[in-house]
Engineer: 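Got a structure for you, questions after.
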Amino acid sequence: MSNLSPEADRQPPPTHVAIIMDGNGRWAKARGLPRVAGHQRGVDALRGVVEAGQEMEIDFLTLYAFSSENWKRPPTEVDDLMGLLRLYLRREMRELHRNGVRIRFIGEWQELAPDIVKLIEDAERTTAENKGLTLIIAVNYGSHREIVEASRRIAAAVAQGAMNLADIDEANFARHLHTDGIPDPDLVIRTSGEQRLSNFLLWQAGYAELVFMDVLWPDFTKKSLEQAVEEFHRRERRYGASTS
Ligand code: IPE
Ligand code: IPE
Ligand code: MG
């Protein structure tokens, strides 16, 4: 039986929900705690939203965990964030696998510490055939670089004669992005009241519905996700066409 509110229950959930998990620092500051405490509680919220995504039968859930610009933060905070990623992968993988979750990473994660790279490779390999929710974690991710790298690979293929200039089209270009094989997000949620994309899924979110919520990420619950989905259902997606 579904626990969804009647409104959210009437319509199928969006296929792909992407979330910019923002506000950990402000959550901690408001309580006089160090930023790391906010990030720790942020991981709890993340665990909850993955569970909620499964219950709501969302097929693809993308979570922005660390941007390519987040390296600008003090080294201790970066270490804390990497430490939490490491812990999450070590502690949660078995349970996620048991629940049929398929895990994928986007971003330049190969540049992270070797032990994290190995944990990521293991997680992707172990869960590759799972048929439940696809959980996509964006780490060291930035759309500008993703798009530049895709252009570079396409240019190399053309230079080597493996591809013709005329073959470059939108579908082909998208296959060179990190999200190859993943449908574009229908709904992008950002918490903490900020209203920007911060270099997240710029190509892929071209026609996503954007929902900005004031809740700080550590306070985000299944109810918050349901509210965002309800808002999504109130929107009319036109893709440039006129209304009937
Ligand atoms: C989001 O919370 C977590 C990451 C960006 C890794 P922030 O750390 O950005 O929290 P605020 O925006 O400072 O409140
Ligand atoms: C975006 O949040 C990145 C993540 C949530 C991982 P930031 O807090 O880094 O974004 P800005 O700096 O406010 O744009
Ligand atoms: Mg922030």
Side-chain angles (χ1 to χ4, degrees), residues 1-22 45-65 96-97 99-107 123-124 127-139 141 143 146-147 150 169-191 197-213 215 217 220-241 243-244:
M1 204 188 87
S2 166
N3 295 320
L4 283 185
S5 65
E7 187 167 356
D9 222 3
R10 273 200 297 273
Q11 302 183 61
T15 301
H16 183 176
V17 177
I19 308 182
I20 304 173
M21 309 183 289
D22 198 13
L46 185 157
R47 205 176 286 118
V49 88
V50 172
E51 264 178 47
Q54 289 171 273
E55 286 167 21
M56 292 166 73
E57 297 182 343
I58 289 167
D59 290 333
F60 297 86
L61 178 65
T62 299
L63 302 176
Y64 202 8
L96 291 168
H97 185 40
N99 291 335
V101 173
R102 182 166 66 127
I103 296 153
R104 264 193 64 177
F105 279 77
I106 58 171
E124 287 196 340
T127 65
E129 304 303 324
N130 286 350
K131 299 285 177 263
L133 173 87
T134 298
L135 172 63
I136 301 136
I137 305 181
V139 185
Y141 176 85
S143 288
E146 178 190 34
I147 291 167
D169 59 17
E170 291 176 22
N172 204 304
F173 193 90
R175 279 198 288 278
H176 288 83
L177 299 172
H178 297 167
T179 45
D180 179 32
I182 299 168
D184 285 343
D186 304 287
L187 167 62
V188 174
I189 301 167
R190 183 171 188 146
T191 59
L197 290 174
S198 299
N199 209 8
F200 185 52
L201 300 180
L202 298 186
W203 170 286
Q204 297 87 341
Y207 266 106
E209 294 299 328
L210 309 182
V211 171
F212 299 104
M213 303 175 84
V215 62
W217 177 251
F220 193 90
T221 60
K222 183 180 180 194
K223 183 86 207 135
S224 320
L225 182 61
E226 286 175 357
Q227 281 167 357
V229 168
E230 283 170 22
E231 170 64 25
F232 169 82
H233 284 314
R234 282 193 287 271
R235 307 272 179 93
E236 187 191 357
R237 302 180 83 188
R238 286 190 288 273
Y239 302 98
T243 46
S244 49

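Being a predicted model, the structure only gives us computed values, none of them experimental.
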Engineer: Look only at the side chain of N130 and the backbone of V101, and say whether a donor-acceptor pair between them is shorter than 3.5 Å.
Structural biologist: yes
Engineer: Could you state the interatomic distance from CD1 (I182) to OG1 (T15), rounded to the nearest 0.5 Å?
Structural biologist: 13.0 Å
Engineer: Looking at P13 and H233, what are the two nearest heavy atoms and their distance?
Structural biologist: CA-NE2, 4.4 Å
Engineer: Using a 4.5 Å cut-off on heavy atoms from C-beta on, say whether the side chain of E231 contacts that of E209.
Structural biologist: no
Engineer: Tell me if a side-chain donor or acceptor on H97 pairs with a main-chain N or O of T127 at a distance below 3.5 Å.
Structural biologist: no
Engineer: Looking only at heavy atoms, what is the nearest atom pair of A228 and M213, with distance?
Structural biologist: CB-SD, 3.9 Å
Engineer: Before giving the answer on side chain to side chain contact (heavy atoms under 4.5 Å, CB included), spell out for N99 and V50 the whole-Å C-alpha distance, their side-chain angles and the decisive distance to 0.1 Å.
Structural biologist: CA-CA 11 Å; N99 291 335; V50 172; over 6 Å; no
Engineer: Report the C-alpha separation of F200 and R190 in whole Å, then their side-chain angles, then the decisive distance to 0.1 Å, and conclude whether the side chain to side chain contact (heavy atoms under 4.5 Å, CB included) test is met.
Structural biologist: CA-CA 11 Å; F200 185 52; R190 183 171 188 146; over 6 Å; no
Engineer: For S143, enumerate each residue passing the side chain to side chain donor-acceptor pair (under 3.5 Å) test, keeping only those at least two apart in sequence or located in another chain.
Structural biologist: Y141
Engineer: Would you give the length of the straight line joining atom CZ of F232 to atom CD of Q11, rounded to the nearest 0.5 angstrom?
Structural biologist: 8.5 Å
Engineer: R104 side chain to T179 main-chain N or O, any donor-acceptor pair under 3.5 Å?
Structural biologist: no
Engineer: Roughly how far apart are Q204 CD and D184 CG, rounded to 0.5 Å?
Structural biologist: 6.5 Å
Engineer: Looking only at non-hydrogen atoms, find the nearest pair between R102 and A128 and report the distance.
Structural biologist: CD-O, 3.3 Å
Engineer: Between E51 and R47, does any side-chain N to carboxylate O distance fall below 4.0 Å?
Structural biologist: no
Engineer: Could you tell me whether E124 atom CD has more than 12 heavy atoms of other residues or ligands within 6.0 Å of it?
Structural biologist: yes
Engineer: When you measure from the side chain of R237 to the backbone N and O of Y207, does any donor-acceptor pair fall under 3.5 Å?
Structural biologist: yes
Engineer: Find the distance between CG (L63) and CH2 (W217) and round it off to the nearest 0.5 Å.
Structural biologist: 6.0 Å
Engineer: Just how far is it from atom CG of L177 to atom CD of E146, taken to the nearest 0.5 Å?
Structural biologist: 4.5 Å
Engineer: Just one of N199, I136, L197, D22 clears the side-chain contact (heavy atoms from CB on, under 4.5 Å) bar with Y64, so which one?
Structural biologist: N199
Engineer: Just do the side chain to side chain contact (heavy atoms under 4.5 Å, CB included) check on L210 and F212 with the steps written out, would you?
Structural biologist: CA-CA 7 Å; L210 309 182; F212 299 104; 4.0 Å; yes
Engineer: With respect to P185, which candidate in I189, L187, V188 satisfies the side-chain contact (heavy atoms from CB on, under 4.5 Å) definition?
Structural biologist: V188
Engineer: Nearest 0.5 angstrom please: I106 CD1 to D180 CG, how far?
Structural biologist: 12.0 Å
